[in-house]
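Here the structure comes first, spelled out in structure tokens, and everything after it is commentary.
Residue numbers count from 1 along this sequence. Values below: all heavy atoms of this structure, side chains included; hydrogens, waters and symmetry mates excluded. Quick caveat: nothing in here was measured; it's all calculated off a predicted structure.
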Amino acid sequence: SSQAPAVQAVMLAVLKQIGRQQPHLLVYPVVAGLRTAKGPVQQYRALYEDMKGHSPDLIQSCVQMVAELHRVAVLWEEDWHSTMLGLGSALNQIFAQFKGAVPNLEGD
């Protein structure tokens with residue numbers, strides 16, 4: 001338990017070094033993690049700020065890409081929801097027509 005902060009500090013230092021040498025390996029997980037992490041985000045923020053210092057264009061491009069992916073995902077979900085509502089309405093109309101036709105079919 002008392003070693004947890006020391007381990008976290010070493011891991012953060014290793015990740016920062018990887019980010020400096022191979023920023024493309026960490027840029028998406030860091031940007032996406034910062035946006036979607038639940039709970040403390042200090043490690044994501046520390047990596048983000050470090051990478052922003054040496055790879056600002058890469059960070060900015062990834063921030064824009066993640067924002068666009070999020071926007072598309074939200075729009076897709078909204079589109080899917082409205083399509084399902086439209087299908088539900090169409091099914092209700094078909095069932096109503098079917099119910100209306102059943103007495104005629106039974107009478108023949």
Side-chain angles (χ1 to χ4, degrees):
S1 171
S2 63
Q3 293 180 342
V7 171
Q8 288 177 357
V10 169
M11 290 301 299
L12 185 59
V14 168
L15 288 171
K16 283 182 178 181
Q17 188 63 31
I18 291 170
R20 286 183 196 109
Q21 293 179 10
Q22 303 291 328
H24 62 280
L25 295 176
L26 293 180
V27 68
Y28 180 78
V30 168
V31 171
L34 191 58
R35 182 180 180 106
T36 61
K38 305 231 185 313
V41 295
Q42 296 94 327
Q43 289 82 8
Y44 286 117
R45 174 68 56 200
L47 285 168
Y48 177 85
E49 292 300 329
D50 188 68
M51 291 180 72
K52 198 164 88 170
H54 58 76
S55 302
D57 294 339
L58 183 61
I59 287 286
Q60 184 58 35
S61 294
C62 191
V63 166
Q64 290 173 343
M65 181 192 70
V66 168
E68 186 64 13
L69 287 172
H70 180 74
R71 185 188 71 79
V72 168
V74 168
L75 291 176
W76 184 87
E77 186 175 332
E78 289 173 357
D79 188 40
W80 179 83
H81 183 68
S82 65
T83 299
M84 295 308 287
L85 287 175
L87 288 175
S89 175
L91 283 174
N92 286 338
Q93 289 176 353
I94 291 169
F95 286 134
Q97 290 173 355
F98 181 71
K99 284 180 183 179
V102 168
N104 294 337
L105 294 172
E106 289 175 344
D108 288 345

Should Tyr48 and Val63 count as side-chain neighbours, where that means a heavy-atom distance under 4.5 Å? yes

With heavy-atom distances below 4.5 Å as the criterion, would you say the side chains of Val31 and Arg35 are in contact? no

Check: Leu85 main-chain N/O paired with Ser89 side-chain donor or acceptor under 3.5 Å: no

Measuring from Gln42:CD to Leu34:CG, what's the distance to the nearest 0.5 Å? 11.0 Å

Closest non-hydrogen atom pair between Val30 and Met51, with its separation: CG2-SD, 4.2 Å

Crowding at CE, Met11 (>12 non-hydrogen neighbours, <6.0 Å): no

Side-chain polar contacts of residues 14-28 - donor-acceptor pairs under 3.5 angstrom, sequence neighbours left out - could you list them?
unit_1	atom_1	unit_2	atom_2	d
Arg20	NH2	Asp50	OD1	2.9
Arg20	NH2	Asp50	OD2	3.4

For residues Leu75 and Val66: do they belong to one hydrophobic cluster (side chain heavy atoms under 4.5 Å, members Ile, Leu, Val, Met, Phe, Trp, Tyr)? no

Greater than 12 external heavy atoms within 6.0 Å of Glu77's CD: no

Cluster check Trp80, Leu87: I/L/V/M/F/W/Y, side chain < 4.5 angstrom: yes

Rounded to the nearest 0.5 angstrom, the NZ-CD distance for Lys52 and Glu49 is 4.5 Å

